[in-house]
Every structure is written in structure tokens, then in C-alpha cells.
Trainee: 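After the C-alpha cells below, expect a handful of questions from me.
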Amino acid sequence: MKIYFAASIRGGRDEDKTYKKIIKFLKKDNDVLTEHVGNTDLTAEGETKLSDKEIRDRDIAWLEEADVMVADTTNPSLGVGYELAYAEKLHKPVVILHNDDKSHLSAMISGSDYFLDINNYSTYHDAIQILDSKFSGKKY
Ligand SMILES: O=c1[nH]c(=O)n([C@H]2C[C@H](O)[C@@H](COP(=O)(O)O)O2)cc1CO
């Protein structure tokens, strides 16, 4: 499966180690198109070798190509909000991971009838268990 993993970059990189572990787990059986999101060397400046237009256009092409989106919404991010709305427009399945101990998910996401697969996690291990139960043997 091709997975578009969405998580905060310019919104802040406090959770980058969690992103890295989630991507490592997903990569065992899948193709993660946005592996750079989990790169712990990537700062809140974002990808500096590409223009913002190149980043946006590449990411939308990846989103169109993806079978499913996994979004970690714990760290609020304009880009992730945009990607979620775009996934809804494309009718892509979306799995949301959110650590309720750290932030309160926007009502624009939790109040939407489209985003029904919203999963609260506290530790990285919980997040992996959630993904394992969703993806093992499942085709999107
Ligand atoms: O450098 C980047 N590379 C990139 O792929 N993105 C995409 C992927 C992430 O899921 C999302 C993060 O948005 P933001 O930077 O607003 O937190 O946007 C965002 C940036 C910087 O905005």
C-alpha cells in the first residue's frame, strides 16, 4: 500500500521522534511516500532545497497517488489541515492519530462527518498498536 504520512513541519517539530517511529513501523509492509516528515534533522524551517511551490505540488501529487493517509494531528499544523481537507475532497481514506494529552484536536476535524477514524494515543507503542490493528491484512 502507498501511505501518505502527514504531520507537522513548520507547525513545530516537537513530535518528530514519534513520526520517525511511526514511519519506520509503516515502512515494514508499505511504501511511505512522505518519509521526509519523520527525518529528525528536518527543522521547522522545512525543506530548504525546494521552493514552497515545489513542495506543495509534489505533496499533492503524492496524495493523489496514495491509497490511504495517516495523519498525526497532535502538533497543530496548517499544512496538515490543508492536506486533510484535500484528502476529503479526493475521498481518500484517512486514519488520524492524536495525542489528547498534548493538544485538543480542531473542531474542524473532529466535527467533520468525513473524519471518523480518529484515534487517541498516549505513547508511541499505543500508536503502533492502533496502526497494526488497522493495517494488518487490510486493503484500502
Ligand atoms: O517542507 C515541507 N515539506 C512538506 O512536505 N510539507 C508538508 C508535509 C506535512 O504533512 C505538512 C506539514 O505542514 P506545516 O509545515 O504547515 O506544518 O506539509 C510541509 C513543509 C513545510 O511547510
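One-based numbering, in listed order, for ligands and for the atoms of each. This chain uses plain numbering: 1 for the first residue, then up along the sequence.
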Trainee: Distance-only check: which donor-acceptor pairs under 3.5 Å involve side-chain atoms of residues 57-64, not counting sequence neighbours?
Mentor:
| unit_1 | atom_1 | unit_2 | atom_2 | d |
| --- | --- | --- | --- | --- |
| Asp57 | OD2 | Lys53 | NZ | 2.8 |
| Arg58 | NH1 | Glu47 | OE2 | 3.0 |
| Arg58 | NH2 | His36 | NE2 | 3.3 |
| Arg58 | NH2 | Glu47 | OE1 | 2.7 |

Trainee: Pairs in or reaching into residues 84-103: which pass salt bridge (charged side-chain N to carboxylate O under 4.0 Å, His left out), with residues at least two apart or in two chains?
Mentor: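 Sorted result for residues 84-103: Glu15-Lys102.
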Trainee: Tyr86: which residues meet the ring pair (Phe, Tyr, Trp, His ring centres under 6.0 Å) condition with it, sequence neighbours left out?
Mentor: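 Tyr82.
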Trainee: I want to check something: taking the side chain as every heavy atom from C-beta on, are Met69 and Leu84 in contact at a cut-off of under 4.5 Å?
Mentor: yes
Trainee: Could you give the distance from CG (Asn30) to CG (Leu26), rounded to the nearest 0.5 Å?
Mentor: 6.0 Å
Trainee: Collect the protein residues that have a non-hydrogen atom under 4.0 Å from ligand 1 and hand them over in chain and number order.
Mentor: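 Lining ligand 1: Ala6, Ala7, Ser8, Ile9, Arg10, Gly11, His36, Gly46, Glu47, Ile55, Arg58, Asp59, Ser77, Leu78, Gly79, Val80, Glu83.
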Trainee: Let me check something: do Val80 and Val68 share a hydrophobic cluster, defined by ILVMFWY side-chain heavy atoms less than 4.5 Å apart, either directly or through other members?
Mentor: no
